[in-house]
Protein chains: 2
Amino acid sequence: MIQAPENSVFDASGHDHGACIHDALTRAETLCAQQGLRLTAIRRRVLELIWENHRPTKAYDLLNSINAERGNAAPPTVYRALDFLLDAGLIHKIESLNAFIGCDAAHGDGHPKFLICRACERVAEIPSPAVDTALAREAKRAGFTIDHETIEIGGTCAACAQRG
Amino acid sequence: MIQAPENSVFDASGHDHGACIHDALTRAETLCAQQGLRLTAIRRRVLELIWENHRPTKAYDLLNSINAERGNAAPPTVYRALDFLLDAGLIHKIESLNAFIGCDAAHGDGHPKFLICRACERVAEIPSPAVDTALAREAKRAGFTIDHETIEIGGTCAACAQRG
DNA sequence: CTTTAAATGTTATATACTAACGATTGAATA
DNA sequence: TATTCAATCGTTAGTATATAACATTTAAAG
Ligand SMILES: [Zn+2]
Ligand SMILES: [Zn+2]
Ligand SMILES: [Zn+2]
Ligand SMILES: [Zn+2]
C-alpha cells in the first residue's frame, strides 16, 4: 500500500488529527502562560475551531459555530478573539483568502510563508531562509525596513495533482 | 540641496508625475491594441485615477471619484473595470490592503513582489529572481505546482525612516 | 472587600464584493 | 447598409468582511 511521504509539508491528511488539535491547544496554553496572556474560553474555542478545521477558516464560519454553541456571539466576539490570537502568533491571516489558519510554527524564526492548494484548500507553512535572505537583500538595496511579510503561494499540492 | 537617489525603487516623490500618468496610459493603449482588448472610457478612467493617485487605491474611492464625475456608477461599474485591468496585467491587487495599484512592469518576467511603506503608503514593485528561485525550489521540494504568488512586504521606506 | 483594567455583550454601521437581468453598444458579417 | 450577436454597461439587490462606540461583566491587583 502506497503511503504519502510522512515528511511532506502537506501530510495533513495522514496525520493523527485528534492529537494535532490537542497539541496545538497545549502549545497555546504554554505560550500564554509564559507570556502572561489570558487564553479565555472564547479565545480558546476559536483557536480550537480553527484547528479542528485545519484549513483556512473564515471569521463568519467561526461566528456561526460559536453561535450554534452558545447563541450570543456577534462579529466583534470573533474578531476580538482573532486579533488576540494573531497578536499572540497562534494563528495567521491568509490575506488572499480572508481567512485564518493555526500557526504550526513551521516557519521557524523567519517570516511565515504559505503554500496554499486551491483544490483541497490545505495550507503548508514553509520555512525558507533563502527567500528571507533574498528579500532582506532587496529591502536593503532599497533602504527599506521590513515589518511584516505576506507571502502566499497559490497552486496545487502533490496529492491533488496526482488525483487529477 | 539633498536629493533622493534617482534610481531608488521608491523615487516616486521626485518624478514627473504628469509624464508618469501619461506613459502608463500610453502603455495600456499599446498593450490593448496589440492584444485586441478594448480599453473603454470607464476602464481607461479607472486606470488613470489609480495612476493619478500613484498609491494603493480602494475600489470605493474609485467609485466615489467616478460618481463625482458622471453620477451614475454602482459598485459593479468599478469592479468590472478592475477585473479587466487585472486580467490585462495593467494593475495589481494588494491583498493586504484590499487596494489596487498600477503595474509599472518592474517585476519583469517574474511574479510581482511589493515593498509597501506603511508611513507614506507608497509601493515599489521589485524584481527578485533570487526570491523566485528560492520559492520555486521550496515548491518543488513539496511537489507543489505554483499558480499565483502574493508577496507583499510591509515596512518603512528610506525617505520615511529618515524623516523619523 | 474595593478598585481598576481587561474582556465581553450589544447595537449599529462601515467597507468590500457579487449575482442577476435588462439595456446599450459596437464589431462582424450577410 | 442592415442584421446579428456577443461584449459592455446600467441598475437593483443582496452577501460577505470588518469596525466603531458604548454598556456590562469579569477577574487581577491592591
Ligand atoms: Zn490536524
Ligand atoms: Zn491539494
Ligand atoms: Zn507617478
Ligand atoms: Zn514611506
Side-chain angles (χ1 to χ4, degrees), chain A residues 28-29 32-47 49-50 53 55-88 90-101 121 150 152, chain B residues 28-29 32-47 49-50 53 55-88 90-101 121 150 152:
Chain A
E29 267 156 11
C32 288
Q34 283 172 350
Q35 314 231 356
L37 301 174
R38 291 178 53 202
L39 190 63
T40 62
I42 297 174
R43 292 166 176 176
R44 196 192 137 94
R45 184 61 184 137
V46 167
L47 181 61
L49 285 166
I50 291 172
N53 200 22
R55 273 172 177 66
T57 304
K58 305 238 162 198
Y60 273 69
D61 290 341
L62 293 166
L63 180 57
N64 289 336
S65 298
I66 299 274
N67 260 329
E69 292 172 7
R70 353 180 329 185
N72 67 332
T77 303
V78 145
Y79 280 102
R80 287 194 284 231
L82 290 170
D83 284 344
F84 170 85
L85 296 169
L86 285 168
D87 287 347
L90 293 168
I91 62 173
H92 300 295
K93 179 170 186 184
I94 307 293
E95 297 284 356
S96 58
L97 298 174
N98 292 323
F100 302 85
I101 188 148
E121 298 186 281
T150 299
E152 300 172 4
Chain B
E29 266 154 13
C32 288
Q34 283 172 349
Q35 315 231 356
L37 301 174
R38 292 176 53 202
L39 190 63
T40 62
I42 297 174
R43 292 165 177 178
R44 196 192 137 92
R45 184 60 183 137
V46 167
L47 180 61
L49 285 167
I50 291 172
N53 200 22
R55 274 170 178 67
T57 304
K58 305 238 164 196
Y60 271 67
D61 290 341
L62 294 167
L63 180 56
N64 289 336
S65 297
I66 301 275
N67 261 329
E69 292 171 8
R70 353 177 331 182
N72 68 331
T77 303
V78 146
Y79 281 104
R80 286 193 284 231
L82 290 170
D83 284 345
F84 170 86
L85 297 169
L86 285 168
D87 286 348
L90 293 168
I91 62 173
H92 300 293
K93 179 171 185 185
I94 307 293
E95 297 284 355
S96 57
L97 296 174
N98 292 322
F100 303 85
I101 189 148
E121 299 186 280
T150 299
E152 300 171 5

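- With rounding to whole Å, Leu62(B) atom CG is found 11 Å from dC17(C) atom P.
- When the side-chain nitrogen and oxygen atoms of Arg70(A) are compared with OP1 and OP2 of dG9(C), one or more of them lie within a distance under 4.0 Å.
- Closest approach of Ile91(B) and Phe100(B) over heavy atoms only: CD1-CD2, 4.1 Å.
- Looking at Tyr60(B), its side chain has no donor and acceptor atom pair within 3.5 Å of the base of dA14(C).
- Side-chain contact check for Glu69(B) versus Arg45(B): some heavy-atom pair is nearer than 4.5 Å.
- Of all non-hydrogen atoms in Ala73(A) and Ile66(A), the two that sit nearest each other are CB-CG2, 3.6 Å.
- For Phe84(A) and dT8(C), the CZ to P distance is 9 Å, given to the nearest whole Å.
- A close approach under 4.0 Å does not occur between any side-chain nitrogen or oxygen of Lys58(A) and OP1 or OP2 of dA16(D).
- We find that NZ of Lys93(A) is positioned 12 Å from C1' of dT19(D), with the value rounded to whole Å.
- Residue Thr77(A) has a polar side-chain atom (N or O) positioned under 4.0 Å from OP1 or OP2 of dG9(C).
- For Arg44(B) and dC9(D), the CZ to P distance is 14 Å, given to the nearest whole Å.
- The side chain of Arg80(B) contributes no N or O atom lying less than 4.0 Å from OP1 or OP2 of dG10(D).
- Rounded to an integer number of Å, the gap from CG of Leu97(A) to P of dA16(C) is 18 Å.
- As a whole-Å value, the separation of Leu82(B) CG from dC17(C) C1' is 11 Å.
- Ser65(B) pairs in a side chain to side chain contact (heavy atoms under 4.5 Å, CB included) with only one of the listed residues (Val46(B), Thr57(B), Leu49(B)), which is Leu49(B).
- Residue Tyr79(B) places at least one side-chain N or O closer than 4.0 Å to OP1 or OP2 of dC17(C).
- When side chains are defined from C-beta on, Thr77(B) does not count as touching Asn72(B), because their heavy atoms never get closer than 4.5 Å.
- Considering only the side chain of Arg43(B), dT8(D) comes nearest among dT8(D), dA20(D), dT8(C).
- Taking atom CG of Leu39(A) as the reference point, atom P of dA27(D) lies 14 Å away to the nearest angstrom.
- For Pro75(B) and Ile42(B), each mapped to the nucleotide of DNA chain D holding its nearest heavy atom, the one lying further toward the 5' end belongs to Ile42(B).
- One finds a side-chain N or O of Thr40(A) lying less than 4.0 angstrom from the OP1 or OP2 phosphate oxygen of dT8(C).
- The residue among Arg38(B) and Ala99(B) whose nearest nucleotide of DNA chain C is located toward the 5' end is Ala99(B).
- In this structure, CD of Glu95(A) is placed 12 Å from P of dC17(C), rounded to the nearest angstrom.
- Between Asn98(B) and dT15(C) there is no side-chain polar atom (N or O) within less than 4.0 angstrom of OP1 or OP2.
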